[in-house]
2 protein chains.
Amino acid sequence: MTATLPVVCAALGDPTRWEILTRLGEGPMSASALARVLPVSRQAIGKHLEVLREVGLVESEQRGREVVYLAVGARLGALARELDRIGRSWETRLLRIKELAERPGPAASEAPEASD
Amino acid sequence: MTATLPVVCAALGDPTRWEILTRLGEGPMSASALARVLPVSRQAIGKHLEVLREVGLVESEQRGREVVYLAVGARLGALARELDRIGRSWETRLLRIKELAERPGPAASEAPEASD
DNA sequence: GCGTACTGCAACCCATAGGTTGCAGGCGCG
DNA sequence: CGCGCCTGCAACCTATGGGTTGCAGTACGC
């Protein structure tokens, strides 16, 4: 999956797409079926499904004469892991900076004294 | 934080905002400082920072005459946990459906009549 | 074999998100 | 004390994303 982080997040940034994903999370559905339960046209649904498919959040499967889509939980899990990793790195650097700021003397040995 | 999932994801769906977040993840910066290193105007940066602040991804702090912003890793972590939970639920239901489909005998205890 | 329902493609519309410029106010530094 | 930098607010522009309608093709069920 070459879909970059902002792209995947953008795909998840639309309420209608979350509606679609929620429905697909409960079981496979076709675009027409989705259009029946959601307040948008089948064509709009189709565009959303295409976006979601490009970032790997849904997969399509030809079933008879219709095409059913299903939500790929693993993709969401992968994204979650990436975000978590980045979040942790932010906090780590933040802590390091605070340490430096609050440490008056440049005794830069690794003595993680929690003198808060 | 009342920011709904699609809203937070939308905030993360813009490349420029990721640039900002990345810089802020390395240490606190002011809007002007960000505008100096990024190819957009200070005002544009300001709008992005406002969006990020509304969903809790950055926090601001008055430091002397300037306002510095810093990335909130915990928020990203919280989002990651939510996404992971949802992803898992999708996979669980998927497995259940596949089980039902591949189980020839209706030996299921609660078989909610799939009469389609 | 016919009609029906599903799909794919294209043109078009409109709101808004992302960006810019311009200006006015204030706090710090030299 | 005055200059400079940083902030906040507002008006404005434009591309694009989300949506619609319409049409043509095709496979399924009866």
Side-chain angles (χ1 to χ4, degrees), chain A residues 3-24 27-71 101, chain B residues 3-24 26-71 101 114-116:
Chain A
T4 74
L5 249 156
V7 175
V8 188
C9 290
L12 290 175
D14 184 274
T16 303
R17 279 198 281 267
W18 270 104
E19 287 284 339
I20 293 176
L21 284 172
T22 302
R23 297 303 200 292
L24 292 183
M29 289 180 79
S30 71
S32 298
L34 282 165
R36 258 179 254 122
V37 301
L38 294 184
V40 287
S41 69
R42 190 203 93 234
Q43 283 81 347
I45 300 274
K47 290 187 190 176
H48 284 304
L49 286 171
E50 178 58 21
V51 172
L52 292 171
R53 210 172 54 78
E54 276 174 3
V55 299
L57 282 168
V58 305
E59 282 177 0
S60 61
E61 181 183 335
Q62 193 86 22
R63 187 178 294 186
R65 82 171 145 182
E66 56 182 25
V67 181
V68 296
Y69 293 81
L70 49 103
Chain B
T4 75
L5 250 157
V7 174
V8 187
C9 290
L12 290 173
D14 184 275
T16 303
R17 279 197 282 268
W18 270 104
E19 287 286 338
I20 293 176
L21 284 172
T22 303
R23 296 304 199 292
L24 292 184
E26 300 174 358
M29 288 181 79
S30 71
S32 297
L34 282 165
R36 258 179 255 122
V37 299
L38 294 183
V40 288
S41 68
R42 190 203 93 233
Q43 283 82 347
I45 302 272
K47 291 185 190 178
H48 285 303
L49 286 172
E50 179 57 22
V51 172
L52 292 171
R53 212 172 52 79
E54 275 174 4
V55 299
L57 281 168
V58 306
E59 282 177 1
S60 61
E61 181 183 338
Q62 193 85 22
R63 188 178 293 187
R65 78 171 150 185
E66 58 183 22
V67 180
V68 296
Y69 292 80
L70 48 102
S115 61
D116 180 42

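Lettering follows sequence order; numbering is per chain, from 1. These numbers come from the heavy atoms of this one structure, side chains and all, not from hydrogens, waters or symmetry mates.
- Nucleotide C/dC6 holds its C1' atom 10 Å from the CD atom of A/Q62, rounded to whole Å.
- Distances shorter than 4.0 Å separate none of the side-chain N or O atoms of A/R65 from OP1 or OP2 on D/dG29.
- In this structure, A/L38 atom CG and D/dG19 atom C1' are separated by 14 Å, rounded to whole Å.
- We find that CD1 of A/I45 is positioned 18 Å from P of D/dG17, with the value rounded to whole Å.
- Residue B/T16 has no polar side-chain atom (N or O) positioned under 4.0 Å from OP1 or OP2 of C/dG18.
- Looking at B/R42, its side chain has no donor and acceptor atom pair within 3.5 Å of the base of C/dG19.
- Residues A/M29 and A/V37 form a side-chain contact, since some pair of their non-hydrogen atoms from C-beta on lies under 4.5 Å apart.
- For the pair B/R53 CZ and D/dG8 P, the interatomic distance rounds to 9 Å; values are reported in whole Å.
- In this structure, the CD atom of B/Q43 is 11 Å from the P atom of C/dG22, given to the nearest Å.
- Contact annotation: the side chain of B/L12 never approaches that of B/V55 to less than 4.5 Å [non-hydrogen atoms, C-beta and beyond].
- Counting only heavy atoms from C-beta outward, the side chains of A/L24 and A/L49 approach each other to under 4.5 Å.
- In this structure, B/L49 atom CG and C/dA17 atom C1' are separated by 16 Å, rounded to whole Å.
- Looking at heavy atoms from C-beta onward, A/R53 lies in side-chain contact with A/S60 at the 4.5 angstrom threshold.
- You'll find a donor-acceptor pair under 3.5 Å spanning the side chain of A/K47 and the base of D/dG19, going by distance alone.
- In this structure, B/R63 reaches neither bases nor backbone, as no heavy-atom distance under 4.0 Å exists between it and the strands shown.
- The phosphate of C/dT20 has OP1 or OP2 within less than 4.0 Å of a side-chain N or O from B/S41.
- Of the listed nucleotides (C/dT20, D/dG18, D/dC6), D/dG18 has the atom at the smallest distance from the side chain of A/R17.
- Following rounding to the nearest Å, B/L34 (CG) and D/dC5 (C1') show an atom-to-atom distance of 16 Å.
- No donor-acceptor contact under 3.5 Å links the side chain of B/E50 to the base of D/dG8.
- When heavy atoms are screened at a 4.0 angstrom cut-off, B/V67 is found touching the sugar-phosphate backbone but no base atom.
- The main-chain N or O of B/A35 is never found under 3.5 Å from a side-chain atom of B/R42 such that the two would form a donor-acceptor pair.
- Looking at B/E66, its side chain has no donor and acceptor atom pair within 3.5 Å of the base of C/dG28.
- Along DNA chain D, the nucleotide nearest to A/G64 and the one nearest to A/H48 differ in position, and the one closer to the 5' end is contacted by A/H48.
- Remark: C1' of D/dT16 and CG of B/D14 are 13 Å apart, rounded to the nearest angstrom.
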